[in-house]
There are 2 protein chains.
Amino acid sequence: MTHILVTNDDGVHAPGLPILAQALRAEGDVTVCVPEHNWSAGGHVKTMHKPLRAWDAKLADGSPVTVTSGAPSDCVALAILGLIKKPVDIVVSGVNAGPNLGYDLTYSGTVTAAMEAVINGAAGIAVSMCVPAAAAELAYQTAAKFAAVAVRSVLARKLPPGVLLNINVPCLPEEKIRGIRVTRQGLRVYQDELVTRIDPRGKPYYWIGGRPPEGILEEETDYWAVSQGYVSITPVQLDLTAYDTLKAMREWNWGEGDTHA
Amino acid sequence: MTHILVTNDDGVHAPGLPILAQALRAEGDVTVCVPEHNWSAGGHVKTMHKPLRAWDAKLADGSPVTVTSGAPSDCVALAILGLIKKPVDIVVSGVNAGPNLGYDLTYSGTVTAAMEAVINGAAGIAVSMCVPAAAAELAYQTAAKFAAVAVRSVLARKLPPGVLLNINVPCLPEEKIRGIRVTRQGLRVYQDELVTRIDPRGKPYYWIGGRPPEGILEEETDYWAVSQGYVSITPVQLDLTAYDTLKAMREWNWGEGDTHA
């Protein structure tokens, strides 16, 4: 039977976690292994300078969970390396309470858990909900349902090595979703600002603040799809080589040391 | 005059940092802004849930540095958003004491600093030395010299939007380097193992252990180039879309909700 590892980057108390685990129990055996606390925008982490702890607990619905002191990617590595005593076929990471669109992918703890799965030879799927709405249980149900659809497709069709799926689901009840679009990574323009404040002792401290990023509405991108009410599914690869640029760069004259000429 | 921001992920005490900053002073005005401590394998971080501190200090050679409590990518964001009162043209991150090859790119703090530069509209270059050798000052000189070569080329030729350079330099004196190769991201096979230990109170704790990753020797990859004594320069893109897979996936039957048919 398919063994599905569920993890997330919002930690063990995230409301979307038990809903996702429950939806996936129809697709296989489900094990849940998650970080103790929130790792949002925490990037792809491999904890090597300190040891990790892991312990058994219960989710809000009473189902079992293994909690770790590591990052989402650490949870996946620990589980696959043997903390969970059963080979993992597929890792599903989510439901993240917020979108992972455009350049968000480079920061996203949710996505890095799926990256870690792929690096360790399992399939990987990241699932995010497009509006942070902690109370929107209905929308988590929608996201969990489409995660199950994706799991079925991935098990049936297989993804190539080094490729994971990044799924973003509009925060809508299921009947309002217009369908699934396979998309490319779009562009969101970050509008970050430096916010300087003075602490009670007269010393400055800094926030990376500003308004939320604005998406560029190009057709067939992740951002476009969710803005139109579609579920966006983007295949993401771990080969980051810019092949077009590579070709051009071989014609550059690098001066000293150039060995392409 | 070109304004170069130097950062790293090994923190303010890294021996390669003053050597890199000094080598780049021939190419433009240099500002150094780095994390207080080591962030290796820390991933792409945007610190949003807590404020950051920043303060002035001196590097080991007496030159000025701004130190922050954030990650490498936070240093870049803070500097570009206004902590450094001068527009940044190019960010050079390094010299990392260890390689960033293959899937390392998805974890590397050194590389994420260059990603953050590109996301914020500056050019980005990551520089790593291929053997950890804290005392090998000569090899840091080599890495710093090729960083300067890359800065000159990038300023002269410009990189396309969303593309950075990932440079790996063999740990050799300059005269032993065979030249520069423009490469693609290779594959390293991680050989991680779960190491379980018992603490003095009888409770288990876990290390992600095992031998270092082994590279696959495919020609024109980053790993191949440095193993042959070349400086490897890989153009890296922030569009992670797997375009080949995307095309194939549009033919999949997703069952419920499929709107590609």
Side-chain angles (χ1 to χ4, degrees), chain A residues 41-48 51-54 77-78 81-83 103 105-107 112 115 119 149 152-153 157 159-160 163 177-182 184-185 190 192-194 205-208 230-231 234-242 245-246 249-250 252 254-260, chain B residues 41-48 51-54 77-78 81-83 103 105-107 112 115 119 146 149 153 157 159-160 163 177-182 184-185 190 192-194 205-208 230-231 234-242 245-246 249-250 252 254-260:
Chain A
H44 195 187
V45 169
K46 186 182 283 191
T47 299
M48 297 184 295
L52 297 165
R53 297 281 187 170
L78 288 172
L81 292 175
L83 183 68
Y103 287 152
L105 269 69
T106 70
Y107 302 96
T112 61
M115 285 183 176
I119 289 174
V149 169
R152 282 199 292 277
S153 288
R157 306 296 298 254
L159 290 166
V163 175
I177 297 280
R178 290 174 66 189
I180 291 172
R181 300 302 296 185
V182 178
R184 63 185 168 87
Q185 181 186 327
Y190 294 100
D192 294 340
E193 283 170 20
L194 185 69
Y205 61 98
Y206 306 94
W207 288 97
I208 298 176
Y230 292 105
V231 172
T234 310
V236 166
Q237 63 185 17
L238 296 187
D239 179 356
L240 311 187
T241 310
T245 310
L246 184 152
M249 279 174 56
R250 290 216 167 121
W252 288 16
W254 293 87
E256 302 162 76
D258 195 342
T259 45
H260 284 287
Chain B
H44 195 188
V45 170
K46 185 183 282 190
T47 299
M48 296 183 297
L52 296 165
R53 296 282 188 171
L78 287 173
L81 293 176
L83 183 67
Y103 288 152
L105 269 69
T106 69
Y107 301 98
T112 59
M115 285 184 178
I119 289 173
F146 282 98
V149 169
S153 288
R157 306 296 299 253
L159 290 166
V163 174
I177 297 282
R178 289 174 67 189
I180 291 172
R181 301 300 295 184
V182 178
R184 62 187 167 88
Q185 181 185 328
Y190 293 98
D192 295 339
E193 283 170 20
L194 184 70
Y205 62 98
Y206 306 94
W207 287 97
I208 298 177
Y230 292 104
V231 173
T234 309
V236 166
Q237 64 186 17
L238 296 188
D239 179 356
L240 311 186
T241 310
T245 310
L246 183 151
M249 278 174 58
R250 291 214 168 125
W252 289 16
W254 293 87
E256 303 161 76
D258 194 345
T259 44
H260 285 287

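Numbers restart at 1 for each chain; the letters A, B, ... are given by sequence-line order, proteins then strands.
The greatest number of non-hydrogen atom pairs below 4.5 Å with chain A, out of B:Pro160, B:Gly179, B:Pro235, is found for B:Pro235. Between chain B and the options A:Leu159, A:Ile119, A:Val231, A:Ile208, heavy-atom pairs under 4.5 Å are most frequent for A:Ile119. Between chain B and the options A:Leu238, A:Leu78, A:Val163, heavy-atom pairs under 4.5 Å are most frequent for A:Leu238. Note: B:Asp192 leads B:Thr234, B:Leu105, B:Asp192 in heavy-atom pairs under 4.5 Å with chain A.
In this structure, chain A has heavy atoms under 4.5 Å from both the backbone and the side chain of B:Ala54. For B:Ile177, no part lies under 4.5 angstrom from a heavy atom of chain A. Contacts of A:Met249 with chain B are made by both backbone and side-chain atoms, with heavy-atom separations under 4.5 Å. Using a 4.5 Å cut-off between heavy atoms, B:Tyr190 touches chain A through its side chain atoms alone. Proximity to chain B is limited to the backbone of A:Glu193, based on heavy atoms less than 4.5 angstrom apart.
Distance CG/B:Leu240 to CZ/A:Arg184: 13.5 Å, rounded to 0.5 Å. To the nearest 0.5 angstrom, A:Trp254 atom CH2 is 9.5 Å from B:Arg157 atom CZ. Here the OH atom belonging to A:Tyr206 is positioned 10.0 Å from the CG atom belonging to B:Leu52, to the nearest 0.5 angstrom.
Heavy atoms only, all atoms of each residue included: A:Arg250 and B:Val182 are closest at NH2-O, 2.6 Å. For B:Leu83 against A:Leu194, the heavy-atom pair with the smallest separation is N-CD2, 3.5 Å.
Residues B:Gln185 and A:Leu246 are not in side-chain contact: their nearest non-hydrogen atoms beyond the backbone lie 4.5 Å or more apart.
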